[in-house]
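The shown structure was predicted, so the numbers you read here are calculated from the model rather than taken from an experiment. All ligand and atom numbering here is 1-based and tracks the order in the structure. These numbers come from the heavy atoms of this one structure, side chains and all, not from hydrogens, waters or symmetry mates.
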Amino acid sequence: MNLQKIKNQNIKIPQCTLCPRLIEHCKNISEKKRKAFINEKYWGKPVPSFGDPKAKLFILGLAPAAHGANRTGRMFTGDRSGEWLYRALYKAGFSNQMESVHSTDSLKLKNAYITATAHCAPPQNKPTPEEIKNCLPYLENEIKWIPIKVYLVLGQIALNSLWKTLSPNQKKPKFKHLGEHRLPDGRVILMSYHPSQQNTFTKRLTEPMFDEVFHRANQLIQS
Ligand code: SF4
């Protein structure tokens, strides 16, 4: 499989095998499992995007977590980062329930769509530049058919990937929590720290700070 094949044949994300290191890692994790989830069947392959295809809010994270989305099969589901994200989405009116437990639960997003820079769980949560590049065609496709008004990037790497897709020849805006960059077509890139444990445990990102991001996203959507 190569990039052109992804583009030409509209290959579905869960069937992608473009990054052998990541495919192997996802599979290994799904076989070894974490003790707490030993009786669960892991998803163990590329995780598709999730949400409302008519969304005005487009959320871009980094990559599935090994025992989170790689286990449950839904973006940001089954780990602490996801708990923060879905709670904030619910409070801001973007979903019908506060929790996302598994891809089979009844959660529905309203006007929000979640995707990632890399769709496979990477070792140490770090996809390589080549793996990120491999995954960009999926992002390119999605931003063509979703009627986005606000791109919410969770972290610097998400901003880098989005910028490569939108405006590769222009100077990239500086990443800043609650920073905004208006594109020539009127859409806005809104920036937030990623709700990773590294950020939330250290209080670099607090819950009120994260809620403010979604409050601002709502304002931008309605403006
Ligand atoms: S990270 Fe993206 S491009 Fe690489 S194997 Fe997973 S889905 Fe395919």
Asp185 with Arg187: basic N within carboxylate O range, under 4.0 Å: yes

Mind checking whether Phe214 and Phe210 have ring centres under 6.0 Å apart? yes

Could you tell me whether Glu140 and Lys144 have a side-chain N and a carboxylate O separated by less than 4.0 Å? no

Please find out if less than 6.0 Å separates the ring center of Trp163 from that of His181. yes

Check ligand 1 against Asn134 and write out every atom of the ligand that is under 4.0 Å from a heavy-atom position of the residue. 3 (S)

Would you say Trp145 and Ile148 are hydrophobically clustered, going by side-chain heavy atoms of ILVMFWY under 4.5 Å? yes

Nearest non-hydrogen contact with atom 1 (S) of ligand 1 belongs to which option: Cys135, Ala63, Pro122, Pro137? Cys135

Heteroatom test (N, O or S) for Cys19 near atom 4 (Fe) of ligand 1, limit 2.8 Å: yes

Pro46 heavy atoms within 4.0 Å reach ligand 1 at atoms 7 (S)

Report yes or no: does Cys16 have an N/O/S atom closer than 2.8 Å to atom 8 (Fe) of ligand 1? yes

Heavy-atom count check: over 12 atoms from other residues, nucleotides or ligands less than 6.0 Å from Arg21 CZ? yes

Could you list which atoms of ligand 1 come closer than 4.0 Å to a heavy atom of Leu18? 3 (S), 5 (S)

Under 4.0 Å from one or more heavy atoms of Leu22, ligand 1 contributes atoms 1 (S)

